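Let me begin by presenting the structure, written as structure tokens, before commenting on it.
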Amino acid sequence: MAGERASVPTLLTPFAEVRARRSATQRALRMLRRNRLGLLGAGILSIVVLAAILAPFLTPYDPMTGDITKRLTCPVLTRCPSFMPGATPVRGTLDHPLGTDQLGRDIFSRIVYGARVSLIVGLAAVLLGAGFGSTLGLVSGYYGGRIDALIMRIGELFLAFPYLLLAIAIVAVLGGGLLNVIIVLAIATWVPYARIMRGSVLSAKEQEYVIAARAIGVRDLALLFKHVAPNCITPIIVFGTFNVAAAIIAEAGLSFLGLGVGATRPTWGNMLADGRAYVATAWWLATFPGLAIMLTVLSINMIGDWLRDALDPHLRNIE
Amino acid sequence: MGQYILRRVVHAFFVVLGVVTAVFVITNLTGDPVQLMLGEAATAQDIERVRRELGLDRPLYVQYLNFLSSVARGDFPESLRYRGYSALEIVLDRYPRTIVLAIAALLVSVTLAITFGTISAVKRYSAIDNVVMLLALFGQSIPNFWLGIMLILIFAVNLGWLPSQGYQLSPAYLILPTITLASPGLARLTRLTRSGMLEVLNSDYIRTARAKGLRESAVIFRHAFKNAAIPLVTVIGLDFGVLLGGAIITEQIFQWDGVGQLLVNAIYSRDFPVIQASVLIIAVSFVLINLIVDIMYTWLDPRVRLT
Amino acid sequence: MADPRQEPRTPYGAMNRNLSRRTFLGLAVGAATSALLTACRREPEQAAPPATVQAPGPTPAPAQPTPRQEAIRGVEIPKFDNPPAGRPSGSKPEELVIAWGVNQLTTHGLDPQRHVGTIAESQLRHMYEPLVAFDRDLQTIVPALATSWERIDDLTMQFKLRQGVKFHNGEPFNAEAVRYSILRPLSDETPGDSRSTYAVIEDVEIIDDYTVNIKTSRPDPALLARLTGFHMTIVAPKWASQGPEVVSREANGTGPYRLVSWSPNEDLVLEANEEYWGGPPQIKRVRLVTISEQATRVSALRAGDVHVAKDMPPEEIESINASGRARALRVVSNRVPFYFITIEVPPYNDKRVRQAINYAANVQGVIDAILLGNGYRIATVLPIWAFGYDPTLQPYPHDPEKAKQLLAEAGYPDGIDIKIWYIQGRYPKDKEVAEAMAQEMAKANIRCTPELREPATLNDLQKKKEAPGLLFASWGNWFFDADNTFFPLFSCAQAKDFNFDWRRPYCNEEFDKIIQAARVEMNVDKRRQLYAEAQRFLYDDAGALFMYQLVDIYGVNNWVLWEPRHDEMIWAHEMKWNE
């Protein structure tokens, strides 16, 4: 496997390029069939995505509001702990298959709706971070010199900065909310994309076809986007996939510190953060959102593994 | 070589300066600390008085220059929250605790990752490889504050084997926070070690070494390992920064009174000098570690261009 | 839990128990003799049930929420059947560890006179004492460093001081120390955070080594109670005059414990003061710690790492009692959480809207569901044992229909959109209570968005005068007098001092007249009437979203014998090892 290499673009583009890409797609599909974990990951993720899209049709209750008198009802088939002495023991029912939370809201409904926020936060943060980072990396690598030095120094500055402080500062200045959390996570993660992109650009710049294109007077920007970017995109996609998983966990971490996307919005991070006070008393509050996060992140990581193996076996060092 | 190191040091200095400046600007954007210092019962006059006392009524650039000059003199301003204590004094007092935790987590994750990553690579596609990789996948997918709470619940509350929280310089107190802090990095490093080792094991010179009839253990430990370690060293350097930052949440769960917890509390109470001092210390540690890593890198891999 | 106010009252008992406080205030009018003065101290039938040390029982009984009745000022407050201490497990601890969720020893370090926080008070009062103190019933004022007192005229009270007392560093306790200490937090050099509360004190005259006269600038009916405040504790004068840096880092009081070590990064460690005038405490070494994460605090208690822990979640009461290692003890607390209403801005400037909020919030329902009954509903913001409390005023009932009707009358037939700003982690279930009330209010067309505000942001936004509608506040009246609630929270003077921002939004001239009159009214009955009037006014004006008094839930290790207090004070010298 190590001997295989994504086809090296030559001056014979674009035909060779197209063919190479098509064959990469075919190989990816073949690998997917072979790689059962990747298939499993794709399966789980599609369930999550479907649930997020179809949330209003799947959920029996409003995820935002509940009945406080039905607070902390346990999941179906389990026995509810009694918090009041002398209370008759109750069993969970199908009314609330995963039980209710500390305000009497249906946990199943909240998890289904929570998938929306987690996926949006994960995807948007990565798209924003990757877009921003790789643009800077592209500029940095292509122009080199002072611009390069400046961008890379700023990048190091960001890496040396505890991102939590950055997050708290931004939330404190702008206030919480979905958009701000996405921005925070994007800002915290743009540097690696820039570095990957810059590295790829630097090596691509040495390729004959780029030198040739320059020689025949193709403008810089056109050159960048037409010829260099497509060759650097693979590592970005692989890295980005893993980062979606990381962003979902990071959102939970921000919620843990009370800096999440908003208190009543059903998100897995919020549910987990609220549920942590109940781990010893009402285990289902934190367990199910925890499982939801874990499964989703797991499935994305599995897909990431598969993508990496399939698209470029030389990218093993990217996690 | 000497010139290279000098250049790295100068460069590191500017990164630290940049961090300090950024922190100064951001902390000042986030609001006024005086109200928080004085509490509920303070009146507007009290607040004005204290603002004057602390020089917070002066223009921002004056505050910044004062701040820089006092940092340069190593004479940090007084903490706003702990009046009468220099911010640096408080941060340095707590620094060893965070470093102990970060180093423990680093040691654990590096040792285990290299062990399991190597086993996994050598016994590729075996049952043990599958188990290790699956565990690593899970390790990467569990939010670590969740893990921390579960560990307390199981090992301190239910089993009663380990203390639930608190800072003590004894292994018993270190175990749970270390596992919590180390787990994401451990999973990552294990996977990296495995893939790095695999690549090296498939390379020509290893085949040559094998062909010479060297024992497999000698091949792995003497030849393969050193080469596989090169990318690991960089990752470990970067990871150390992640550990220092990640300690914020771990310290919060385990009431481990280190710089991370100090920083969070300082942010909540707008204790500017302590925020600045903590960030400075964390940034300097990170930059230093990476400076060392860079230098080690040139030693490990002479091919690295000294630019 | 049934609403305790539905239980039949015992008017005679109530009157009896009222006697002590009424007596002292009566005396304060000035026509008193010193013979009567001693009578106002502890009388057996007036004191709260003695702090019985529980005998070790074989099995901890389950916590029964059924209230035993205890009458204070004609109000029945629930008394919990707390389980006795079980058999202690393991070996006897070397030191007692007490855990709170918040660290307040920050801005002023160990300086007892300049803090305002109740947790700091609880911790520092181990080392420092005032002249007089409230007994556990929060009704009787008992001698501490003063042995007796006497009202000389409307502006003067005389105190006889305890003789032979020494500070921890050997300095003698005398009139000079009292004069120095009482004036210290009022000075411009070392102003206390709650200076305005004591601004009425004008001077302390030294009559002889063990007699002082405390002079006020106006008649102050609450002076004696005021002097129980922990800002009025007595510090060693020679030592303290070295400056606030010294007082915030070291400690030299007269209290039952002396300082072993403390720094901003370290726990507060104390040891018994073997020369304490009241006899040395039984527990010799104490460590006071902060564990901010609630789940961790509970775990630490259940693991035996902490012996007394404050603010246990109500859901854990059963499991703590069943743990065999600790038990949960409950008392009605002096602390009153409530929500300010941003009263200057429409629609909240309409009284009917504010009333509608009070009708819609379903506070009792929230207490029952979220706090599992561990809250004591009150009509306004005054705790039941505060002087001036009017037991006849009934809390706003839950009535969403009435709320809708009031909103329609005020011109909002479709309801209103409001925000509720809350904080998290400082008080039990603070977040959930806010969210649950928001959920309830929505049923009356008050569409309420809960917004968690980090404390610092909260203050900044408050200053910008954003008007969310409801804004979290919490008050622990520390000398159990209506003056210490109404003046700091609802007076025009304070509103002005705070620039009318949302920390003190309430200023109503009519209400102000009443509470200002009560501040200088030396006739006890008239003063009580004035405060009754004030409560009715505030209630009808719906000056805030009125809620409840907390029920404090303590986790206590079986090695420790202790009866919790109503005033949030956790004092090691009131505890004993269970041997």
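The sequence lines fix the lettering, A, B, ..., with proteins before strands; numbering per chain opens at 1. Please read these numbers as outputs of a predicted model, since none were measured by experiment.
With rounding to the nearest 0.5 Å, the separation of CD1 in B:Ile142 from CG in A:Leu291 is 9.5 Å. Rounding to the nearest 0.5 Å gives a distance of 11.0 Å between CZ of B:Arg188 and CZ of A:Phe242. In this structure, A:Met294 CE and B:Leu137 CG are separated by 9.5 Å, a value rounded to the nearest 0.5 Å.
A:Ile293 and B:Pro143 get closest at one heavy-atom pair: CG2-CG, 4.0 Å.
There is no contact between A:Ser299 and chain B, counting heavy-atom distances below 4.5 Å. Heavy atoms closer than 4.5 Å to chain A are found in both the backbone and the side chain of B:Phe138. Proximity to chain B (any heavy atom under 4.5 Å) is shown, for A:Ala245, by neither the backbone nor the side chain.
Counting heavy atoms from C-beta outward, A:Val297 and B:Gln140 have side chains that stay 4.5 Å or more apart.
The greatest number of non-hydrogen atom pairs below 4.5 Å with chain B, out of A:Ile249, A:Leu298, A:Ile154, is found for A:Leu298.
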